[in-house]
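Accompanying notes for the structure given below.
In what follows, every heavy atom counts, from backbone to side chain, and hydrogens, waters and symmetry copies are set aside.
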Amino acid sequence: MNVIGGDMLDAARAMPDHLRDALWRIESARAGTMEAQAAFVCGMGGSAIGGDLAIAALSDRLTKPMFVARGYELPSWAPAGSAVLCSSYSGNTEETLAGYAAAEALGAQRLVATTGGELAELARRDGVPVIGLPAGLQPRAAAGYMFCVAAELAALALAGPRIHTEIDAAASHLGEAFAAAEERAREIATELGDAIPVIHGSDLTAPVAYRWKTQINEDAKVPAYSAVLPEADHNEIEGWSGSEGRFAAIFLGDRDQHPRERKRFELTAKAIAPYAATVINVETEGETRTDRILHSVVLGDLVAIELANARGVDPLAVEVLEGFKKEMGRPDAA
């Protein structure tokens, strides 16, 4: 692999270490139980995706509502005393800072995950527990950390079980499977070529499909989209008839998906194949839901890096994004 920006590849390879380090940092923070009616993860971008992935990993083991709040406010119906994780890698994300203030106004029990910045300062001022994250990563490369802290939120809120053992086992599997994942990513990227990817998921793989989309956006600097089945079969499927071969479909299947969803994957792929540049099927790997999610995330990260290398662009740099943040007056936000 001829890597232009090695840091993103290094981060993908280091995912097992990130997961284990995250568990250590969580234990070191000694955050107390925050029993609540509902749990919320406030964050944006790479700091929010961990919440989506944790919710999918926990699935029907959740006994209370758990949501990701992307934006400046919590939902109007959020119960007083909710457990709220404010997650911002830089500590300066304006939406998350607004969410932190909104949580205070709600009388929520708060937890913070960050490398520092204004969010850390506010949390320390207010006596809010802080799970400190290591500096030096692109926020999207800290997905392993954000997954672990979001999963911990569920445990602290008594909304779900603590899954440290699952995470540690998944870390071991990722290390063993990395070389094979690199090879599979190379195959997928080659088959995609210059086509615009549309990544399909359902249940477990729905947030993974979104993660693949955003990684391709940021690393390869090309448009990419995600879709969720069965919803896409009620609208989006028709749009393929006018796609003129410009788009490629990827289907992220999982062994535990509903049998009717599995059938929909097969029939949707068949229906759009005549209009797509290519159709690629990918199956999750691993024993637990946590294992399968994290393996699929790493595979998607590697696909994005391969596409960046094929285009001759640096997967690390995000010049358009950085320019936009300056226009917004928040150049230090991430």
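The residues Arg186 and Glu183 are annotated as salt-bridged, a charged nitrogen and a carboxylate oxygen being separated by less than 4.0 angstrom. Salt-bridge check for Arg61 with Glu166: passed, with a basic side-chain N closer than 4.0 Å to an acidic carboxylate O. In summary, Arg255 and Glu283 do not engage in a salt bridge, as defined by a charged side-chain N under 4.0 Å from a carboxylate O. Between Arg20 and Glu27 there is no salt bridge, since no side-chain nitrogen of the basic residue lies less than 4.0 Å from a carboxylate oxygen of the acidic one. Using a 4.0 Å cut-off between a side-chain N of Lys or Arg and a carboxylate O of Asp or Glu, Lys325 and Glu322 qualify as a salt bridge.
The salt bridge (charged side-chain N to carboxylate O under 4.0 Å, His left out) contacts involving residues 63-73 comprise Asp52-Arg70, where partners must be two or more places apart or lie in separate chains. Within the structure, salt bridge (charged side-chain N to carboxylate O under 4.0 Å, His left out) pairs that include any residue of residues 136-148 comprise Arg140-Glu218, Arg140-Asp219 (at least two apart or interchain).
Closest approach of Ala232 and Leu229 over heavy atoms only: CB-CD1, 4.0 Å.
Judged by distance alone, the side chains of Glu118 and Asn92 never bring a donor and an acceptor atom under 3.5 Å apart. For the residue pair Glu244 and Tyr275, no side-chain donor N or O sits within less than 3.5 Å of a side-chain acceptor on the partner. Asp254 and Thr205 form no side-chain donor-acceptor contact under 3.5 Å, judged by distance and modelled atom types alone. Under the 3.5 Å distance criterion, with hydrogens and angles disregarded, no donor-acceptor pair is assigned to the side chains of His173 and Glu287. Judged purely by distance below 3.5 Å, without hydrogens or angles, the side chains of Thr96 and Ser88 never pair a donor atom with an acceptor atom.
Annotation: Trp77 is in aromatic contact with Phe40 [ring centroid separation under 6.0 Å].
Rounded to the nearest 0.5 angstrom, Cys42 SG and Tyr100 OH are separated by 11.5 Å. The line from CZ of Arg110 to CG of Leu119 is 9.5 Å long, rounded to the nearest 0.5 Å. One distance of note links NZ of Lys221 with CG of Asp314; it measures 6.0 Å at 0.5 Å rounding. Atom OG1 of residue Thr268 and atom CG of residue Asp233 lie 3.5 Å apart, to the nearest 0.5 angstrom.
For CG of Asp194, the number of neighbouring non-hydrogen atoms (other residues, nucleotides, ligands) closer than 6.0 Å is 12 at most.
Checked options Asp60, Leu53, Asp203; the residue passing with Arg289 is Asp203 (criterion: side-chain contact (heavy atoms from CB on, under 4.5 Å)). Among Leu156, Leu158, Val84, the one residue that satisfies the side-chain contact (heavy atoms from CB on, under 4.5 Å) test with Met34 is Leu156.
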